[in-house]
Amino acid sequence: MEYNFNSIEKKWQQAWKDQQAYKVSNDNGRPKFYVLDMFPYPSGAGLHVGHPLGYIASDIYARYKRLKGFNVLHPMGYDAFGLPAEQYAIEHGVHPAVSTQKNIETFRRQLDNIGFSFDWSREVRTSDPQYYRWTQWIFLQLFNSFFNRNTQKAEPIAGLIKIFEQEGNVHHPIPNEKFVLNNSQFTIRKSQFSSTQWASFDEATQQTILMEYRLAFCGYGEVNWCEALGTVLANDEVVNGVSERGGHPVEKKKLRQWYLRITEYADRLLEGLKTVDFSEAMKEMQSNWIGKSSGAEITFAIKSEQGKVDHFTAYTTRPDTIFGVDFCVIAPELDYIADITSKEQKEAVENYLAYVKSRSERERMAEKKITGVFTGAYALNPFDGKEIPIWISEYVLAGYGTGAIMAVPCGDERDYKFAKHFNIPITNIIGDHFNGEEANPTKDAILQHSGFLNGMLMRDAMEAAIKALEEKGVGTRKVNYKMRDAAFSRQRYWGEPFPIKWINGIAYALNEGELPLTLPEVESYSPGPEGEGPLANITDWTARQLETNTMPGYAGSSWYFLRYMDPQNDEQFASREATDYWNQVDLYIGGTEHAVGHLLYSRMWTKVLHDLGHIGFDEPFKKLVNQGMVQGSSRFVYRINGTNQFVSHGLIDANHEYKGQLLDKIHVDVNFVDGVELDRDAFKKWKNAEFGDAEFLLEDGKYICGTETEKMSKTKYNTVNPDDLVEKYGADTFRMYEMFLGPVEMSKPWDTKGIEGVHRFLKKLWRLFYKETNSGESVWQVNEDAATAAELKVLHRAIKKIEDDTERFSFNTGVSGFMILVNELTDLKCHKREILEPMLVMLAPYAPHIAEELWHALGNTSSVIDANYPGFEEKYLVETSKEYPISINGKMRTTMHISLSAEQQEIETLVLANDVVQKWIDGKTPKKIIYVKNKMVNIVV
RNA sequence: GCCCAGAUGGCGGAAUUGGUAGACGCGCUAGACUCAAAAUCUGGUUUCAGCAAUGGAGUGCAGGUUCGAUUCCUGUUCUGGGCACCA
């Protein structure tokens with residue numbers, strides 16, 4: 001028998017499928033373990049070698065846990081709604097459902113090649129009506145709930161209505177402080193209303209107010225509008241002012257949009273991070289995104305010519321610096337600017353506002369010039385009445401805090417630069433801490449020139465200042481967040497329809513019985529009128545007054561981990577029994593790119609479902625592992641400009657030329673390159689029209705390519721298809737090699753070269769079972785002899801090492817562990833069942849096919865994947881006698897055989913009895929003898 | 001600019017709590033088998049000096065703590081990632 005991996009792998013993949021070997025039941029008496037991969041968006045490009053990295057790691061862990069006696073849930077599915085399929089539909093007229101189905105089939109075929117242990121009976125697809133029915137249902141839960149700030153959790157909106165009927169909203173103020181209700185009958189101060197007022201409101205007014213509380217709500221707001229994509233994007237989908245997908249420009253636009261009131265969960269999302277096992281980097285990304293800061297809002301009286309506006313409010317995190325305020329700055333978008341501008345400054349202000357308007361978001365972010373204009377008005381310092389000029393500048397953002405700041409140039413770098421630029425005098429309140437050259441944001445200075453705060457340490461003065469502000473009624477303690485409510489609608493076709501009906505401008509939820517509201521067929525995927533989605537083109541849809549937006553890509557992915565627990569349930573999104581049993585995802589593997597998108601949204605949805613009593617846990621993922629990116633290792637050829645001559649990399653001059661001639665640097669398909677040496681014939685055939693007559697200037701008879709590490713992509717010809725590697729080396733080799741590349745978390749460039757080594761290892765392992773004779777035959781050579789102590793030692797050490805490595809996700813050293821084991825057994829000429837059988841069980845998570853094949857060859861009838869993971873015995877791990885290094889004062893002198901069973905005391909005796917040691921320490925009594933971790937004995941004289 | 005992570009042979013990377021740095025693999029190299037090549041197997045492979053035994057240096061750079069530092073501390077350089085007018 002040769003190691004014919006292709007037939008072995010096909011055979012066992014089929015067998016596992018036939019036996020439904022990976023089908024898992026909800027509760028089979030064993031402890032549960034939930035291993036989840038971030039499900040893929042099935043793109044048309046198929047898998048490259050980077051995609052399976054995380055899947056292989058999770059598969060190894062899932063299989064390992066199964067062997068360890070756990071009931072393991074390890075499902076897979078598809079994030080099937082999304083922009084690319086729709087874009088493809090617009091360009092090629094193919095229905096997104098059709099292209100998505102085709103892409104899924106490709107993905108599935110590629111995944112199956114690698115031998116994963118997914119329970120495919122639990123597959124979910126977010127675009128399946130039986131799935132998105134429950135996405136819509138959860139949306140209705142969000143729509144029909146509000147966040148009760150007093151209990152800090154989501155509660156049904158029906159309860160809020162009862163409260164309004166009894167006491168108005170005194171104890172439940174409208175979350176948006178800027179909200180103003182225009183009602184002809186009542187003037188509502190600070191958006192507060194009584195029970196009688198509530199009762200007198202008409203339906204429209206009541207619904208408008210309720211909309212201000214709903215966790216999924218509709219409102220007008222500035223959104224990130226992408227003209228090229230014809231849709232709105234969430235903040236995390238915009239990178240540097242352009243869309244994450246496609247890199248199209250994004251502008252601010254006011255539109256009616258659906259939102260998730262995720263800001264209400266800011267604190268709990270932050271708190272929850274303490275209870276989960278995510279990397280520090282990941283936690284930090286999330287908490288930066290939430291961006292909690294605490295400080296105070298301070299009201300400044302305004303002294304202006306017109307006198308129309310008598311005060312404004314600024315937000316600061318440093319109320320202790322109140323006496324260092326030398327000017328105030330308000331955002332150009334604020335509506336009261338015209339009312340405070342003086343006659344003299346009117347023209348300058350108007351010019352400035354026009355200038356700001358002319359600048360795009362992108363320019364503003366890219367340039368960061370210091371610009372601004374004086375309004376002619378003054379703010380009065382609430383404590384000493386000092387007149388403070390009020391400026392307008394684009395560096396103050398309207399959307400954060402109050403859109404107005406108090407500027408303290410000696411303590412804040414931006415304020416300092418602004419003051420210098422406009423020659424505003426600077427007050428120094430921190431003495432020597434301020435050198436006049438740059439601002440110093442310290443909190444450890446003693447305050448000066450600060451009225452009643454003089455002599456106080458800044459960190460202590462914060463509290464004192466807030467107290468004083470509150471006592472005077474000119475300020476309050478205030479917490480702010482950078483995070484905004486998440487835009488939750490898209491003017492697109494390929495997404496979940498909202499289960500919402502509009503009647504007289506009021507949004508009403510559909511009944512649960514009307515779900516799923518299925519996506520209708522459309523004739524064209526182009527946008528509807530006035531920035532609306534394609535659904536607005538359908539007469540029947542609009543006649544039914546249905547919402548024409550669809551949900552964004554992250555809707556379906558915010559809860560899919562729950563559906564896997566009970567995927568066929570058509571009564572509920574998942575039974576409480578199932579969610580109680582499977583509970584949190586014990587191990588979640590995926591990339592960091594979802595740090596502030598998917599991971600935050602799914603955490604929020606989980607919390608809402610928990611608050612409403614639908615599930616019993618409020619964090620979805622117990623442990624998160626971020627796999628690193630696999631980068632492409634690109635190869636280049638260099639053509640002399642204007643010729644068909646290609647110059648080998650080593651012949652190129654330091655200034656990237658060849659004998660003074662310019663070179664074109666051309667990406668070449670990495671699959672034609674062996675290491676760095678180009679397969680010249682394959683290269684010519686590749687693009688025959690262009691390179692067919694290529695001539696090569698060689699070095700040592702070879703054409704050497706240039707290399708660079710870049711992102712893996714088709715256009716750079718640096719993608720490697722796993723199918724090809726599986727075909728050539730087998731899935732087991734491919735799996736182990738992906739792991740062998742390095743730690744799962746680390747990003748690394750793909751290099752196919754080393755795969756031979758792993759393949760050689762598997763062949764060597766095979767030869768422990770089958771001996772190749774000189775005549776070319778293979779003979780079964782496993783015997784039933786009892787293992788020797790040396791062999792058992794080798795085995796048990798390997799069990800311990802590989803188990804440890806697997807537990808701590810160090811799969812690369814785990815693979816090394818197998819290599820060492822096989823090398824040692826080969827050296828020992830050990831072909832004993834007693835040793836080889838447990839080895840196969842350990843191997844099964846890493847290389848399941850070969851393990852299964854040899855397991856059956858040993859005469860086992862049941863599958864290796866149902867075996868028990870071997871345990872190790874301590875006694876085989878302990879060295880009975882070992883060569884110990886002995887050092888005197890840290891300087892190593894010799895080695896000695898010492899019995900390890902001896903206690904530390906006995907070792908001292910042994911050491912001191914040794915003549916050589918006695919000579920070294922020259923008859924002196926050692927001060928101490930340090931016995932270090934079974935490794936070294938050090939004598940300090 | 002701010003925050004985080006990292007830097008180890010020709011290469012990918014090991015060293016789990018401070019204890020003989022360089023496991024394992026690639027590559028290179030010598031040898032075996034072969035008419036030959038491929039495949040396979042065996043040995044060598046941090047570097048400098050030496051025929052060798054052996055000795056010196058060595059984990060980005062400069063210091064420190066320690067009998068002993070890749071590991072801990074301070075400073076510094078570079079690389080990767082994240083955030084970026086959030087007051």
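Because only heavy atoms are used, hydrogens play no part in the values below, and waters and symmetry mates are left out as well, while side chains stay in. Chain naming here is simple, since letters A, B, ... match the order of the sequence lines and numbering starts at 1 in each.
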Using the P atom in both, what is the distance from B/A53 to B/U59, to the nearest Å?
24 Å
Whole-Å distance between B/G81 C1' and A/Q631 CD?
11 Å
Counting side-chain heavy atoms from CB outward, which of B/G13, B/G25, B/A87 is closest to A/T317?
B/A87
With a 4.0 Å cut-off on heavy atoms, is A/L397 in touch with a base, just the backbone sugar-phosphate, or nothing at all?
base
Starting at CG of A/N288 and ending at P of B/C4, how long is that distance when rounded to a whole Å?
10 Å
Determine the contact category for A/D415: base if any of its heavy atoms lies under 4.0 Å from a base atom, sugar-phosphate if only primed atoms, P, OP1 or OP2 are that close, otherwise nothing.
nothing
Taking atom C1' in both B/A49 and B/A5, what distance in whole Å separates the two?
40 Å
May I ask you to say whether A/D805 pairs ionically with A/K801, meaning some side-chain N is under 4.0 Å from a carboxylate O?
yes
OP1 or OP2 of B/C41 less than 4.0 angstrom from a side-chain nitrogen or oxygen of A/R767, does that happen here?
yes
Reckon A/P749 touches a base, only the sugar-phosphate, or nothing at all at heavy-atom distances under 4.0 Å?
nothing
Please determine whether a side-chain nitrogen or oxygen atom of A/N812 lies at a distance below 4.0 Å from atom OP1 or OP2 of B/A14.
yes
Starting from P on B/G12, measure out to CH2 on A/W750 and report it in whole angstrom.
16 Å
Report the relative orientation of the aromatic rings in A/F300 and A/F312; use parallel for angles under 30°, tilted for 30 to 60°, perpendicular for over 60°.
parallel
Please report the shortest heavy-atom distance between A/I392 and A/P332, naming the atom on each side.
CG2-CA, 3.7 Å
Between A/H598 and A/H594, what is the ring plane arrangement, given parallel below 30°, perpendicular above 60°, and tilted in between?
perpendicular
Between A/V325 and A/C328, which heavy-atom pair has the shortest distance, and what is it?
CG1-SG, 4.3 Å
Would you say NZ of A/K417 has more than 12 non-hydrogen atoms from neighbouring residues, nucleotides or ligands within 6.0 angstrom?
no
Please state how far atom CD in A/E280 lies from atom P in B/C4, giving the value in whole angstrom units.
11 Å
Rounding to an integer number of angstrom, what distance separates B/C78 and B/C61 when you compare their C1' atoms?
10 Å
Any A/Y400 side-chain nitrogen or oxygen under 4.0 Å from OP1 or OP2 of B/A87:
yes
Picking from B/A87, B/C24, B/G13, the nucleotide nearest the side-chain atoms of A/M819 would be B/C24
From CD1 of A/I802 across to P of B/U16 the rounded distance in Å is 18 Å
Give A/V396 one of three labels, base, sugar-phosphate or nothing, depending on what nucleic acid heavy atoms sit under 4.0 Å from its own.
base
Specify the separation, in whole Å, of atom CD of A/E438 and atom C1' of B/G1.
12 Å
Return the value, rounded to whole Å, for the distance between atom NZ of A/K771 and atom C1' of B/U40.
16 Å
Which dot-bracket string describes RNA chain B (Watson-Crick N1-N3 plus N6-O4 or O6-N4, or G-U N1-O2 and O6-N3, all under 3.5 Å; [ ] crossing; | other strand)?
(((((((..(((......[....)))((((((.......))))))((((....))))..(((((..]....))))))))))))....
Using the six-membered ring wherever Trp is involved, compare the ring planes of A/F811 and A/F809 and label them parallel, tilted or perpendicular (cut-offs 30° and 60°).
perpendicular
Proximity to the side chain of A/Y395 - top-ranked nucleotide from B/G82, B/C85, B/G13:
B/C85
Does B/U40 have OP1 or OP2 sitting under 4.0 Å from an N or O in the side chain of A/R760?
yes
Once you round it to whole Å, what is the distance between P of B/A14 and CZ of A/R808?
9 Å
Let's see if you can work this out: which of B/A14, B/U40, B/A87 has an atom nearest to the side-chain heavy atoms of A/I405?
B/A87
Select one nucleotide: of B/C4, B/A87, B/G13, the one nearest the side-chain heavy atoms of A/A281.
B/C4
Residue met sooner reading RNA chain B from 5', once A/Y315 and A/D827 are mapped to nucleotides:
A/D827
I want to confirm an ordering. Mapping A/G754 and A/D805 to their closest nucleotides on RNA chain B, which one lands closer to the 5' end?
A/D805
At under 4.0 Å between heavy atoms, what does A/S293 touch on the DNA or RNA strands: base, sugar-phosphate, or nothing?
sugar-phosphate
Sticking with atom P, work out how far B/A84 lies from B/A69, rounded to a whole angstrom.
43 Å
Under a plain distance cut-off of 3.5 Å, with no hydrogens placed, do A/S287 and A/W289 share a side-chain donor-acceptor pair?
no
Could you tell me how far B/C2 sits from B/A57 if I compare only their C1' atoms? Round to whole Å.
40 Å
